[in-house]
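By convention here, the first residue in the shown sequence is residue 1. Order of appearance sets the numbers: ligands from 1, and atoms from 1 within every ligand. What you see is a predicted model, and the numbers here were worked out from it, not measured in a lab.
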Amino acid sequence: MVQSVSDLNREEIRRALTELVGQDQVCVDEDLLRAASVDRFKKYMAVNGIYIGPIPAALVSARSAGEVAKVLRFANDHKINVVPRTGVTSTEGGLETVVEDTIVLDGSPMNEIVRIDPVNMMATAQCGVVLQTLEDAVRLQGLTTGHSPQSKPLAQMGGLTATRSTGQFSTLYGGIEDMVVGLEAVFPDGTICRIKNVPRRAAGPDIRQIVIGNEGALCFITEVTVKLYRYRPQNNEYRGFLVDSMDDGIDVIREVVTDGFRPSVCRVYSEEDARQHFDDFYKNKCVLIFISEGPKAIVEATVAEIDRVVARIHHEDVDPVRIEQWFSDLNWGMDKIIAEQEWMRTEHNLGYTTEISANWSDIGEIYEAATHRIRTEYPYAADLTMLGAHSSHSYQTGTNLYFVYDYNINCDPQDEITKYHIPLNAIIVEEALKHGGSMVHHHGIGKYRTDWTEQEHGSAYYMLRRLKDAFDPNGIMNRGTIFKA
Ligand SMILES: Cc1cc2nc3c(=O)[nH]c(=O)nc-3n(C[C@H](O)[C@H](O)[C@H](O)COP(=O)(O)OP(=O)(O)OC[C@H]3O[C@@H](n4cnc5c(N)ncnc54)[C@H](O)[C@@H]3O)c2cc1C
């Protein structure tokens, strides 16, 4: 726990916040405050009703950028830690309130779709708009954002931008960093900045990228404008193959992508990971998946390329209908979260993930090295019920790996993260860095990869640290996130 350095105590903070934004926007309900002290990194403790961190002083609902500015200015003046939040699907501890008497500032009431502009192909949404809601609205006009993280039914535009999120169709549309045209953000001194919507400019560095991925450690995002694309699901083509190894699958994806084709989905699942997704047809093989979308001629050319490249390796075709069916049930709404809670409670078993990226030539070695170390060095490997990975986001120069590990919990709930999640995550992160990769592909650094932030950035850490010092000199923004507490 980090002690508060504020000149105000818990009661004084609550009173001042009530004066600033009104009583109905300041929640001090103890159960809600406890829940607001963690995110999914501590999901097993939470499901067992155990909250060991400092419980926030208040959960404040913000209804406008002006209110965000008021709260941040007040917190900055009195050195009170602030944790921004929107959809609460964070997985890496980004929402944990490690400082005593923190204010959790909730942007979810800012939930208006401001504008859908089909001529200039962009949509503007406040930070609390759920991505699924925005996607449903633009689809009514035959358009799509192209953004489809698995958390689409729950995650909101502010958090999606703050974490540098990516989606299932990223090989075609890119990550959120490729989608954001302009945005509005509020800094700790109360300054409200709007970055205008233009197709490109060379007016100095791209300042959007300071805000995108800041994880609430530099500023609060209040509005986002994203690009739109034409939605043509009738042209979609699904392809699935059983292949002999991850290396074979990754080689096929590399060739298709570096030849200049952009299927929206390119994935390969290790045998173990395939078992949990495709139990009825995977036959102890790795599963390779493609979806091609867009104008018909482009789809046809992309499918021809996939078939040409895959023909070179030993493989078996999968009925495309099975891939389409599997894909249609991939996203997570509250129903799956509740089912997962029930599973954890009754089975004392859970699954976590660690996602990294690397160049084509290094990714296979990272997979082998990390899984080998976990199986041979990790003292509680016998408790693992699944260890596998898939590559799901590919680029001209390389790809990601999404490691998935499930385990039985043979300890007290409060020891679960130190016995299992933290050491397993550490092995994967260490191997990614050792092989020249990135320790985090799309979930953000949160509070559990900060030990390696300096190593991740090397000499460029200077720039990252300077940004924090410049924009948040009092260190009030989400202490312990990106940077060590
Ligand atoms: C089942 C499941 C599937 C997932 N699938 C994906 C996936 O496919 N791709 C992917 O990228 N991620 C995925 N995630 C992770 C998560 O959904 C993303 O990180 C998402 O972007 C978080 O959005 P949110 O609105 O829920 O943010 P929150 O959980 O509320 O916050 C996330 C982080 O952003 C900060 N933050 C939130 N709002 C703001 C704001 N307005 N201004 C500044 N900082 C803010 C918070 O402080 C925190 O550090 C998944 C999570 C779950 C639970």
| query | Does a sphere of radius 6.0 Å around NZ in Lys79 hold more than 12 heavy atoms from other residues, nucleotides or ligands, not counting ones at 6.0 Å or beyond? | reply | no

| request: Could you check Glu92, Glu416, Glu340 and say which one makes a salt bridge (Lys or Arg N to Asp or Glu O under 4.0 Å) with Lys43? | output: Glu340

| message | Less than 6.0 angstrom separating the ring centers of His421 and Phe41, yes or no? | response | yes

| message | Heavy-atom contacts with ligand 1 below 4.0 Å: which residues, ordered by chain and residue number? | response | Arg40, Pro84, Arg85, Thr86, Gly87, Val88, Thr89, Ser90, Thr91, Gly94, Leu95, Pro149, Gln150, Ser151, Ala155, Gln156, Gly158, Gly159, Leu160, Ala162, Thr163, Ser165, Thr166, Glu215, Gly216, Cys219, Phe220, Ile221, Trp332, His442, His443, Asn478

| Does Asp472 pair with Arg479 as a salt bridge, N-O distance under 4.0 Å? | no

| Side chains of Gln276 and Asp279: donor-acceptor distance under 3.5 Å anywhere? | no

| task | Could you verify whether a donor N or O on one side chain and an acceptor N or O on the other, from Gln168 and Ser392, lie under 3.5 Å apart? | result | no

